[in-house]
Student: 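One structure is given below, represented as structure tokens, and several questions about it will come after.
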Amino acid sequence: MTTSTIEVKGKFGPYGGQFVPETLMPALAELEQAYEAAKADPEFQAEFEHLLKTYVGRPSPLTFAGRLTEKLGGAKIYLKREDLNHTGAHKINNALGQALLAKRMGKQRIVAETGAGQHGVGTATACALLGLECIVYMGEVDIARQQPNVFRMQLAGTEVRPVSSGSRTLKDAINEAIRDWVTNVETTHYLLGSALGPHPYPTIVRDFQSIIGHEAHAQIQEAEGRLPDLLIACVGGGSNAIGLFHAFVDDKDVDMLGVEAGGSGIESGKHAARFAPPPTDAEAKVQPRLGVLHGTKSYVLQTPDGQIAETHSISAGLDYPSVGPEHAWLRDQERAGYTYATDDEALEAVKVLSELEGIIPALESAHAVAEVIKRAPKMSKDNVIVVNLSGRGDKDLDTIMRELGNKKNTN
Amino acid sequence: MTGIERIRQAFEQGHSAFMPYSVLGYPTRQASLDVVKSVVEAGADLLELGVPFSDPLADGPTIQAATQKSLENGTTLKDCLAMTRDLRVQGVETPALLMGYINPILAYGMEQFVADAAESGVDGFIVPDLPPEEAAEFESLCVAHGLALVYLLAPTSTPERIKLVAEKSKGFIYLVSLTGVTGARSEVSSGLKEFVSRVRATTDTPLAVGFGIGNGQQARTVAELADGVIVGSALVKRAAESPQAVRELAEELRHALN
């Protein structure tokens, strides 16, 4: 008997892969093929670049944060302004790319998940632009904390379906989006919003987001005449971080640092820091371990019995128990480092950046800014940091007002 | 006799094999054991024992809710092995497959898990988020213990994938009758006949069909096409009532296959 050769696809070292039900395996193969063809097609690339320029407003600027630099007294700080994109975050880059791809594949129906709502809004917008039907799954908890984005999606003609299972956040929204996709796979493209999920998604999303790093690479050389010493970006699934990092991976002198959500602190167990050291208590309910969630092998916050843990972060976009497989691999190779910022540190960073630069960051991006605040003062004035300001804070104003108001009252 | 051989034997009874699914630990630990015994008494040829997972993305609302309840009852993968052992001690001899997702198995430790499962009287596994491409290590452990790793095929499976799964699947092949998640449907998928014959043309391995089958009439329709019929959600709904309610439906399904 001849034996079929098995090709194991989409691995980043031991991470990644395709851990999905059989029904989806042919769809993933089809997607991979279509993506490879699109990638090699100058016409597709030209259309994507044209939309990024004329619709998203790219290139996004690289802003020197002069007052923040002065205040912190160390490294020079530059902000990569993804917050200035149409719809207010980096998510639109990937949403447009995949929506174009779906259209090319003849899929008229799009499903997506969203946490903070930025990917949902990006997808809803891209679908409106390209005339595609769009359904976005969103956890009930996230719907409550990201109301403005729910309305924005609905205005763009998208149906927002509340998800009431599990922790009612991003993880559960992905479960429902995958269930929808399994059911409607022949007509539907699943427009996954982060650099995770089964192959080829981590690669597709990274590639569509890598425009961030390519622009920053040129912009910082124009501004400083050299490459930066350090890149900093927040990491939920990890798409804005991998988008910034990718163009710099071969520049060995550029350090890269991802910032996860430390929530209420690692010891509290209420966080989303997948790369945090494991708790000393082997029976603790939240353990970072190698595992499989949503079709990919990576670090996953889970119970000792292998049930996926409920995570916590003030920012819905970082509130996710797993992390993109390429980040796990960059970390193993010591090419990128990972740390975390707590809810309180992120809130403080919102205040600092708003007061000193007149820029209100999204709570997700504020985690990266929080790390800048810790790190820049320890660096020399000749050093340069580029931080990815992945989104703007308009969607978070309710949360920010409430939390900062509470702090004022308790102080 | 190995687990694989015991499973294969269940398809050599001269009638379509009946494989009811139940969730271990649902609605309670004891009641789930009673449910299994009641389907055995109703004439189950194989048992599919569901292991609860927090994020069962191949499952519809009924099984999601039941597995969630089982988790709230504190059921772990270790408990599921203990329950299988209890069933064996209490005289249940029907071949049994554990159906569960890969992450709890990884957390348990794959090698230890397969060894403990063999020791507990498990005959095989169905792991819906572990396609052959990702299963090399698990597969070789199963082979070493004579346990069946049953792969799935779906209506979307290409000829290449049908060939691959036909080569790899041990005991039988699990055919997913429709594109979708688990859960009873009002009618058997119209494309099932064509799907089953596509697979049949490739392999002599027994074919068992699941997803969407909930009553005797549907079971009979499927039995005319395939070697086995798998029923899950409809029985799990009955399990919320009583083991007796499960037994009634299981008897109806069993008779439909004779």
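To find a chain, count down the sequence lines: A is the first, B the second, and so on, and within it residues start at 1. Owing to the predicted nature of the structure, the values given are computational and were not obtained by experimental measurement.
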Student: Can you name the nearest heavy-atom pair linking B:Ile102 to A:Phe19, along with the distance?
Tutor: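 For B:Ile102 versus A:Phe19, the nearest heavy atoms are CG2-CD2, 4.3 Å.
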Student: Are the side chains of B:Asp129 and A:Val20 in contact, using a 4.5 Å heavy-atom criterion?
Tutor: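 They are not in contact (no side-chain heavy atoms under 4.5 Å apart), so the answer is no.
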Student: At a heavy-atom separation under 4.5 Å, does B:Tyr108 approach chain A through its side chain, its backbone, both, or neither?
Tutor: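 Neither part.
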Student: Taking A:Thr23 for the side chain and B:Ala154 for the main chain, is one N or O donor matched with an acceptor at less than 3.5 Å?
Tutor: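 Not a single qualifying donor-acceptor pair exists.
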Student: Just checking B:Glu194: does its CD atom have more than 12 heavy atoms from other residues, nucleotides or ligands closer to it than 6.0 angstrom?
Tutor: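 Correct, the count exceeds 12.
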Student: Pick one of side chain, backbone, both or neither for A:Ile308, based on which atoms fall under 4.5 Å of a heavy atom in chain B.
Tutor: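 For A:Ile308, the contact with chain B is made by backbone and side chain together.
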Student: Mind checking the CG-CE spacing from B:Leu153 to A:Met25? Nearest 0.5 Å is all I need.
Tutor: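 B:Leu153 atom CG to A:Met25 atom CE measures 11.5 Å (nearest 0.5 Å).
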Student: Is it the side chain or the backbone of A:Pro198 that comes within 4.5 Å of chain B heavy atoms, both, or neither?
Tutor: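 No part of it gets close to chain B.
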Student: Applying salt bridge (charged side-chain N to carboxylate O under 4.0 Å, His left out) to A:Lys11 and B:Glu134, what does each step give before you reach the verdict?
Tutor: CA-CA 11 Å; A:Lys11 293 284 184 186; B:Glu134 302 288 357; 2.8 Å; yes
Student: So which of A:Gln287, A:His294, A:Arg179 has the largest heavy-atom pair count under 4.5 angstrom toward chain B?
Tutor: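 Sorted descending by pairs with chain B, the first entry is A:Arg179.
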Student: Hey, could you give me the CD/CG distance between A:Gln18 and B:Leu130, rounded to the nearest 0.5 Å?
Tutor: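 Here the rounded value is 12.0 Å.
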Student: Does CD in A:Glu159 sit with more than 12 non-hydrogen atoms of other residues, nucleotides or ligands closer than 6.0 Å?
Tutor: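 Yes.
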Student: Only one of A:Gln302, A:Lys297, A:Gln307, A:Arg289 forms a side-chain hydrogen bond (donor to acceptor under 3.5 Å, both in side chains) with B:Asn103, so which one is it?
Tutor: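 Per the side-chain hydrogen bond (donor to acceptor under 3.5 Å, both in side chains) rule, the option paired with B:Asn103 is A:Gln302, out of A:Gln302, A:Lys297, A:Gln307, A:Arg289.
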Student: Please determine, among A:Leu293, A:Val182, A:Asn184, A:Leu24, the option with the most heavy-atom pairs under 4.5 Å with chain B.
Tutor: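 Looking at each of A:Leu293, A:Val182, A:Asn184, A:Leu24 in turn, A:Val182 comes out on top.
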Student: I'd like to know whether CD of B:Glu119 has more than 12 heavy-atom contacts from other residues, nucleotides or ligands below 6.0 angstrom.
Tutor: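 No, the 6.0 Å shell around CD holds no more than 12 heavy atoms from other groups.
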Student: Going by atom types alone, do B:Thr179 and A:Glu186 pair a side-chain donor with an acceptor below 3.5 Å?
Tutor: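 No, because no side-chain N or O of B:Thr179 sits under 3.5 Å from a partner of the opposite role on A:Glu186.
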Student: Non-hydrogen contacts under 4.5 angstrom with chain B: give the residues of residues 160-175 of chain A involved, or none if there are none.
Tutor: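 Near chain B, by residue number: A:Ser165, A:Lys171, A:Asp172, A:Asn175.
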Student: Only heavy atoms, only distances under 4.5 angstrom. Which residues in residues 56-83 of chain B are near chain A?
Tutor: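 Within residues 56-83 of chain B, the residues that come under 4.5 Å of chain A (heavy atoms only) are B:Pro56, B:Leu57, B:Ala58, B:Asp59, B:Gln64, B:Leu71, B:Thr76.
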Student: More than 12 non-hydrogen atoms from neighbouring residues, nucleotides or ligands closer than 6.0 Å to CD on B:Glu137, yes or no?
Tutor: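 12 or below, so no.
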Student: Can you list the steps and then say if B:Leu106 with A:Leu290 is a side-chain contact (heavy atoms from CB on, under 4.5 Å)?
Tutor: CA-CA 8 Å; B:Leu106 293 175; A:Leu290 187 60; over 6 Å; no
Student: Got a sec: does the NZ of A:Lys103 have more than 12 other heavy atoms crowding it under 6.0 Å?
Tutor: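 Counting neighbours around NZ of A:Lys103, more than 12 heavy atoms of other residues, nucleotides or ligands fall under 6.0 Å, so yes.
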Student: Might you point out which heavy atoms bring B:Ala107 and A:Gly306 nearest each other, and give the distance in Å?
Tutor: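 Shortest heavy-atom separation between B:Ala107 and A:Gly306 comes out as CB-CA, 3.5 Å.
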Student: I need the minimum non-hydrogen distance between B:Gly180 and A:Thr183, along with the two atoms involved.
Tutor: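 So the minimum-distance heavy-atom pair works out to CA-OG1, 3.6 Å.
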